[in-house]
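Please read these numbers as outputs of a predicted model, since none were measured by experiment. Just so we're on the same page: letters track the sequence lines, and every chain starts at 1.
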Amino acid sequence: MNHELSIQNSLTRQKEKFVPLKEGFIGMYVCGPTVYSDVHLGNCRTFVSFDVMYRFLLHLGYKVRYVRNITDVGHLVDDADTGDDKIGERAKLEQLEPMEVVQKYSNGFHEMMDIFNTRKPSIEPRATGHIMEQIEMVETILANGLAYEKNGSVYFDTIKFASTHDEYGKLSGRVIDELLVETRDDLKNQDEKNHPSDFAIWMRADESHLMKWESPWSIGFPGWHLECSAMSTKYLGEQFDIHGGGNDLKFPHHENEIAQNIGACNCSPAKYWIHTNMLLMNGRKMSKSDNNSITPDQLFSGDSEHITKAYSPMVVKFFMLQSHYGSTLDLTDAALLAGEKGYKKIMEANRYLQGLAGGGSGNAELETKIQELIDQAVADMHDDFNTPKALSRLFELVPIINSHKDGKDGFDTISAEAISAMQETFKVYLFDIFGLQDEFETEGNAIADKFSGLMELIIDIRKDARTEKNWGTSDKIRDKLTELDIQLKDGKEGTHWTLN
RNA sequence: GGUCGCGUGGCCGAGCGGUUAGGCAGUGGUCUGCAAAACCAUCUACAGCGGUUCAAAUCCGCUCGCGACCUCCA
């Protein structure tokens, strides 16, 4: 089958056929976290979403350069243009060096990304490592007449940019006329900026500021939006294929990023913009201040008033994959519970499937259906990375697999080719593309092997008891194992066991 | 107030002009010493009101409700 990849492009608000700028190669830039506190669960959803895209593009055979930055300077606590940045603020609070703060939370972030089994980006640049590039970009923008200096700070001139380029507001849907109207009302009590919508690309630092660098204008620090422009240009060129980030970065961050890039090189940076939607909890955006939030660790330990039990990382990831990245996802205890059961069901089916060898004489009808489902899963992923739909195809294959397990008539006739096609599909989708892990199997193979042997022994002993109709012993074994979260399932072909 | 988006069955969540989405929960059956699992069957839908169309959850309009952004946020 010949599939075309299509992507919902935020810039044009349309689903477009994906054509890379250079055949076979893809440059993808995703705005990474600001490392001033522990990772937020919403961050995790975003980066899991982009990880799946990255994995899928690799699966399609593209050579992908995936750049995801770490913001370690410039991200202000508020918009007063006077306050310290988030890192500096935190450093004072925790009595640490700013770089200690950065290191601490970067480590935490990376650990969490590992826990969620995401692939590392090709390049993970830091803003503080690219001060020179940012200063150069400010110089270029100034030279192009799209910025102005005031008291050692440099501001991007949005009004001039909007009047000379028909670009500002395109991504976020802001109307530039409104910016102009605002001028009259807001001009009186203005700070250094000529206009409220102008934004700093370089800021002069005051005495108390911890992180500052020399520049032609002042000792100061770069504006938050500038780092992404500078680093994407450095590693992916002035134009590249995909730029991603959370929905909430559209404005002002991404809008300003585009303005800066155009201001510097007169070209729009990314061909396709992808925005992931928010993770909600109980219908609202997660927010620490509203007490409507949960950390990944709380989720894993069950230590939160919002949930009734602990959920493993893969269950959480599976839960995320059951919705499309472009939609909001509502996290509730009931939804997680449902996700957990679904996750276990598909992993168990996969384990059985991968253990199959050989095949039957053939079953044209069933095999046609299997092939259709496999093809549809492939098509679903090509259709704007539709993970929930692709997953649903795998779920439709599960009854077929389980029927085979039950030895039902007709199902054991599936040919070896069809079985291996399913094996390959499950393996590729679950593990390579979705980046899931079978949590039972990853719990240490050596121990798992011994454990399996032990379980076989116990099941064998119980089988003897059952043959003698010694139900007391039989049930005692089963009940005790249940207490240990090991479940026995008596089937036609013997007893299977699973971990709960 | 402005911009964008959303309202799908008990819950989560796809679909976006004509087909059973899927998961979880429920119900009835098969299997079973019992249980669980599995398998088979099955019940709950497209916020409301109009319009376009042979045909609308899907397009258009209005009403109601909700969310995000407009200030830092993935």
Work out how far the [atom1] atom of [N] is from that of [M], and round it to whole angstrom.
N     : M     : atom1 : value
B:G26 : B:A55 : C1'   : 33 Å
B:A36 : B:G50 : P     : 48 Å
B:G61 : B:C69 : P     : 26 Å
B:G5  : B:C43 : C1'   : 33 Å
B:U30 : B:G48 : C1'   : 44 Å
B:G18 : B:A56 : C1'   : 9 Å
B:U8  : B:A57 : C1'   : 7 Å
B:C40 : B:U20 : C1'   : 15 Å

Does [N] have its OP1 or OP2 closer than 4.0 Å to a side-chain nitrogen or oxygen of [X]?
X        : N     : result
A:Thr34  : B:C72 : no
A:Lys341 : B:A25 : yes
A:Asn247 : B:A74 : no
A:Lys285 : B:C69 : yes

**Request:** Measure up the A:Phe199 and A:Phe156 rings against each other and bin them: parallel (under 30°), tilted (30 to 60°), perpendicular (over 60°).
**Result:** parallel

**Prompt:** Got A:Asn350 and A:Phe431 here, is their nearest side-chain heavy-atom distance under 4.5 Å?
**Reply:**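 Answer yes - side chains close enough.
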
**Message:** Within the 4.5 Å heavy-atom criterion, are A:Leu394 and A:Tyr429 side-chain neighbours or not?
**Reply:** yes

**Request:** Kindly indicate whether the side chain of A:Thr328 and the base of B:G5 share any N or O donor-acceptor pair separated by less than 3.5 Å?
**Result:** no

**Prompt:** Is any side-chain N or O of A:Asp475 under 3.5 Å from a base N or O of B:G33, one able to act as donor and the other as acceptor?
**Reply:** yes

**Message:** Let's see if you can work this out: which of B:C39, B:A14, B:A37 has an atom nearest to the side-chain heavy atoms of A:Asn402?
**Reply:**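 Looking only at heavy atoms from C-beta outward on A:Asn402, the closest nucleotide is B:C39.
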
**Prompt:** On the ring face of A:Phe47, is A:Arg68 found with NZ or CZ under 6.0 Å from the centre and within 45° of the axis?
**Reply:** yes

**Item:** Per-pair stack call A:Trp471 and B:G33, 5.5 Å, 30°
**Value:**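 Yes, A:Trp471 stacks on the base of B:G33.
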
